Amino acid sequence: MATESGPTVEDGVRELLLLMPRLVGRAKRTPPPPELDDVALAPRHLSLLAYLLFDGPMTVNELAGRLEIAPTTASLMIGDLSRQGVLERAEDPDDRRRTIVSIHADKRPAVDAWLARGAKAWQAALSPLSPGERALVIRTLRAYEEYSS
């Protein structure tokens, strides 16, 4: 039963258990733009592409750290997307042993368009909230991810 200040924990759990499959389903049904039709993209590629789009080029190890995966796993993902023409790998001019990864210039507009749909939805959902409320939403989703793994 809801209280004056909001739902009970049990009601909140019920609502979120009903909502999460719809959110996941919607994300899975968001097709890549036609410019990426020839690319085999999986949901795991979204975070990698989002980091490169929002934060710019970075090394394989930086990407692995942000994605919380092993550098070898990141390297395999990057290699796969590089072979498909989505990513570029270049030698770091300051340290030739390091590789800098970026989104290929020809694919950047398509990647941006693909991720922009979700970004617009999040912007609409988060804009009416105060900074503290936004922080609470983000902390809650991170806690859910941590407890559900």
Side-chain angles (χ1 to χ4, degrees), residues 9-10 12-149:
V9 171
E10 293 78 16
V13 168
R14 178 185 183 282
E15 288 299 317
L16 290 171
L17 283 174
L18 294 169
L19 177 62
M20 290 302 284
R22 294 195 315 262
L23 291 175
V24 171
R26 182 160 295 150
K28 286 182 176 183
R29 287 189 309 273
T30 302
E35 300 88 350
L36 297 174
D37 278 347
D38 59 337
V39 179
L41 290 169
R44 64 191 175 117
H45 294 125
L46 278 175
S47 294
L48 185 149
L49 292 171
Y51 278 123
L52 292 173
L53 184 68
F54 297 129
D55 299 341
M58 61 185 74
T59 67
V60 174
N61 284 339
E62 288 171 325
L63 274 169
R66 291 185 188 203
L67 294 167
E68 300 177 13
I69 59 176
T72 53
T73 303
S75 187
L76 289 170
M77 289 173 60
I78 291 163
D80 181 39
L81 292 176
S82 295
R83 283 187 294 282
Q84 296 182 73
V86 177
L87 299 180
E88 291 182 301
R89 292 185 282 190
E91 189 177 271
D92 184 339
D94 298 328
D95 183 348
R96 293 175 33 185
R97 296 169 294 171
R98 294 180 354 154
T99 299
I100 304 293
V101 180
S102 62
I103 298 172
H104 194 286
D106 292 346
K107 299 292 185 183
R108 189 175 182 81
V111 170
D112 187 30
W114 187 30
L115 295 177
R117 291 180 218 154
K120 286 178 186 172
W122 279 116
Q123 189 164 24
L126 294 173
S127 288
L129 304 179
S130 70
E133 290 169 325
R134 287 191 292 272
L136 178 62
V137 169
I138 293 165
R139 276 195 317 271
T140 301
L141 291 172
R142 285 189 175 148
Y144 174 81
E145 179 190 27
E146 182 180 317
Y147 290 119
S148 66
S149 57

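Just so we're clear, the structure is a prediction, and the values are computed from it rather than from any experiment. The basis for the numbers below is simple: all heavy atoms, side chains too, and nothing from hydrogens, waters or symmetry mates.
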What's the spacing between [X] [atom1] and [Y] [atom2] if we round to 0.5 Å?
| X | Y | atom1 | atom2 | value |
| --- | --- | --- | --- | --- |
| L87 | H104 | CG | NE2 | 10.0 Å |
| E62 | L52 | CD | CG | 10.0 Å |
| Q84 | L36 | CD | CG | 9.5 Å |
| M20 | Y144 | CE | OH | 4.5 Å |
| T73 | L48 | OG1 | CG | 11.5 Å |
| L115 | W122 | CG | CH2 | 14.0 Å |

Heavy-atom closest pair, residues [X] and [Y]:
| X | Y | answer |
| --- | --- | --- |
| P71 | N61 | CB-OD1, 3.4 Å |
| K107 | D38 | NZ-OD1, 4.0 Å |
| I100 | P57 | CG2-CB, 3.6 Å |
| P33 | W114 | CD-CB, 3.4 Å |
| R89 | V101 | CG-CG2, 4.3 Å |

So for atom CZ, which belongs to R14, do other residues, nucleotides or ligands contribute more than 12 heavy atoms lying within a distance under 6.0 Å?
no
Output all residues satisfying side-chain hydrogen bond (donor to acceptor under 3.5 Å, both in side chains) with E88, sequence neighbours left out; order by chain, then residue number.
none
Do [X] side-chain atoms and [Y] backbone N/O form a donor-acceptor pair below 3.5 Å?
| X | Y | result |
| --- | --- | --- |
| E133 | S130 | yes |
| Y51 | L67 | no |
| S127 | A124 | no |

Side-chain contact test, heavy atoms from C-beta onward, threshold under 4.5 Å: evaluate it for L49 versus L41 and give yes or no.
yes
Between L53 and R108, is there a side-chain heavy-atom distance shorter than 4.5 Å?
yes
Not counting sequence neighbours, which residues clear salt bridge (Lys or Arg N to Asp or Glu O under 4.0 Å) with D106? List them please.
none
Not counting sequence neighbours, which residues clear salt bridge (Lys or Arg N to Asp or Glu O under 4.0 Å) with R139? List them please.
none
Assess the residue pair I69 and L63 against the criterion (side chain to side chain contact (heavy atoms under 4.5 Å, CB included)); give the C-alpha distance rounded to whole Å, side-chain angles, the decisive distance to 0.1 Å, and a yes or no.
CA-CA 9 Å; I69 59 176; L63 274 169; over 6 Å; no
In sequence, state the C-alpha distance, the side-chain angles, and the governing distance for D92 and R97, and then conclude on salt bridge (charged side-chain N to carboxylate O under 4.0 Å, His left out).
CA-CA 7 Å; D92 184 339; R97 296 169 294 171; over 6 Å; no
